[in-house]
Undergrad: 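Got a structure here, written out as structure tokens. Questions coming.
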Amino acid sequence: MFAGAIALAAERFLSATGNPSIWAAPRLVTDPFALGVASGEPAADGFVLWTRAVGLDQDVRLGYEIAHDEGFRAIARSGTVTATAARGGAAHLEVRGLPAGRPWFYRFHLGDAVSRVGRTATLPLNPARLRLALTSCQHWEHGWFSAYRDMIAEGVEAVLQVGDYIYEKSFGNGPNVRSFGSPDPVTLDDYRARHALYRSDAALSAAHAAMPFIVAFDDHEVENDYAGEIGGVTADRAAFLRRRTAAWQAYFEHMPLRPSALRADGGLQLYRRFRWGRLATVHMLDTRQYRSAQPCSNGKRGGQIVQDCDAVRDPRATVLGARQEAWLDRGLAQERSTWSLVTQQTIFSRLALPQAPDARYSDIWDGYEAARQRATISLTRPAVRNAVLLGGDVHSFWLNNIRADFGDPASKVIASEVVTSCLASRNGPAALFDTARALNPHVRFLDNAHAGYVLLDIVPDRIDIDLRAVASLADPAARCFSLARRTIADGRPGFD
């Protein structure tokens, strides 16, 4: 029955083109759409649709259909998009000119093969409410990705994936639920294989088909703790840049990004904005591609606990790079939405550590004090009504008050911070986090014992926050539960 339905869909699509000969395809020995479909870059009039045709060694033209209904009885758009061998068979279809605020269904064709059906939506012009999911850090070996099923069940409208979508390496003690089955990736083919492995997870594949993803990478998409052009693991600069170029291309090939996101120099344009009318704006940042080296490394690579280090206050050091800093400041100065969701990769708040009064971890914003202060000034632009920092990376749930001066616990609270735990990985280091509540009065909630994601319900007068914890990473059918619920009220930044 399923095979017959696919054949009928293919016949209907080919006959609709009026020229079946242009769909001549290579002989297919495997399902070219085994990696699924995805959507992203949502806008009021369109979005980006993605698939990757696998098992092919030549450029192909994929057919696509966009419909008003899941049964594809009312087709809104159809046509072709090229999937090139040079991009691993990836296709990024940028769609424009559709009505706002509507759900859409889509699928791809190659010969007589038909992809699964995906669902996405154009953004409403001025919605009364919005439901988003914030997620980060999904390690293939450490746990099943069952939290994505909860997002689908909760009716999430868009997923904010803020980094560590893949992991390049195994780490940590403890039982694993599955294995990478291959060495750490280095080449383009290696990274393609790692991304393809991730897309074989049923829950992740279903989530991409059900909801648009708004994505930006962190470090593990390349290698741990790299900073700009400086490897966190690979010491040889030329070797690192080759690895980074391969990793960035593979990331682009597997994400629903605009075709223009992959620049001629091999970089990716990942800082951008998404607007839900006057309700909310997501300012998606990239804190990895342009950052300066971590300070006070003393010959070591990557993040370290540092002390007595003046370099953490170096005004030349940056997390975002000068151009992105200016872009963020300009956008916040012109903000029109009630809620400004500044979405980035890690924890923004100051994190005092037990090692010493001036100890800090160098791979988070604490390693870049002057850069954080510049960002803090941007958050207080008069046009910003409610600034909310969203982040991940640290494998634990945090709710923090952002103060004008972290050194003064009595200074004004200017913004709220919500940090998601890992979706599927081991939790953060106890040596850094066990004493965080006692040493950091601006930390209002901390849980370092659960994985999961954050559900954000946004309306004009508040954001309701539901920290969704996974009952078991070892059970692919595990359910999520509410670990904690909090609210940010309009005009009242922070948490009690």
Undergrad: Taking only residues two or more places apart in sequence or in another chain, which ones pass side chain to side chain contact (heavy atoms under 4.5 Å, CB included) with D490?
TA: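 With sequence neighbours excluded, D490 shows a side chain to side chain contact (heavy atoms under 4.5 Å, CB included) to T338, W339, R385, N386, given in chain and number order.
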Undergrad: What pairs with T420 under side chain to side chain contact (heavy atoms under 4.5 Å, CB included), at least two apart in sequence or on another chain?
TA: L134, S136, F397, Y453, V454
Undergrad: Listed by chain and number, what are the side chain to side chain contact (heavy atoms under 4.5 Å, CB included) partners of E70, not counting sequence neighbours?
TA: F105, V117
Undergrad: Would you please classify the geometry between the H208 ring and the Y165 ring as parallel, tilted or perpendicular, with 30° and 60° separating the classes?
TA: tilted
Undergrad: Please work out whether the ring planes of W398 and F433 are parallel, tilted or perpendicular, with thresholds of 30° and 60°.
TA: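 Answer is perpendicular, since the angle exceeds 60°.
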Undergrad: Closest approach of L483 and A469, non-hydrogen atoms and distance?
TA: CB-CB, 4.0 Å
Undergrad: Which residue pairs pass the salt bridge (charged side-chain N to carboxylate O under 4.0 Å, His left out) test with at least one member in residues 244-257, sequence neighbours excluded?
TA: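 As it turns out, the salt bridge (charged side-chain N to carboxylate O under 4.0 Å, His left out) pairs with a partner in residues 244-257, which skip direct neighbours, are R192-E253.
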Undergrad: Is it true that the NZ or CZ of R107 lies under 6.0 Å from the centre of F72's six-membered ring and within 45 degrees of the ring axis?
TA: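 Judged by the rule, R107 and F72 form a cation-pi pair.
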Undergrad: For A424, which residues count as a side chain to side chain contact (heavy atoms under 4.5 Å, CB included) partner, sequence neighbours excluded?
TA: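 Once residues adjacent in sequence are excluded, the partners of A424 under the side chain to side chain contact (heavy atoms under 4.5 Å, CB included) criterion are F145, L473.
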Undergrad: Can you name the side-chain hydrogen bond (donor to acceptor under 3.5 Å, both in side chains) partners of S39, sequence neighbours left out?
TA: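 With sequence neighbours excluded, S39 shows a side-chain hydrogen bond (donor to acceptor under 3.5 Å, both in side chains) to T120, given in chain and number order.
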Undergrad: Take the angle between the ring planes of Y148 and F213 and call it parallel below 30°, perpendicular above 60°, tilted in between.
TA: tilted
Undergrad: With under 30° as parallel and over 60° as perpendicular, where do the rings of F217 and W248 fit, or are they tilted in between?
TA: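 Parallel.
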Undergrad: With rounding to the nearest 0.5 Å, note down the distance linking CG in L123 to CG in D45.
TA: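 Rounded to the nearest 0.5 Å, the CG-CG separation comes to 9.5 Å.
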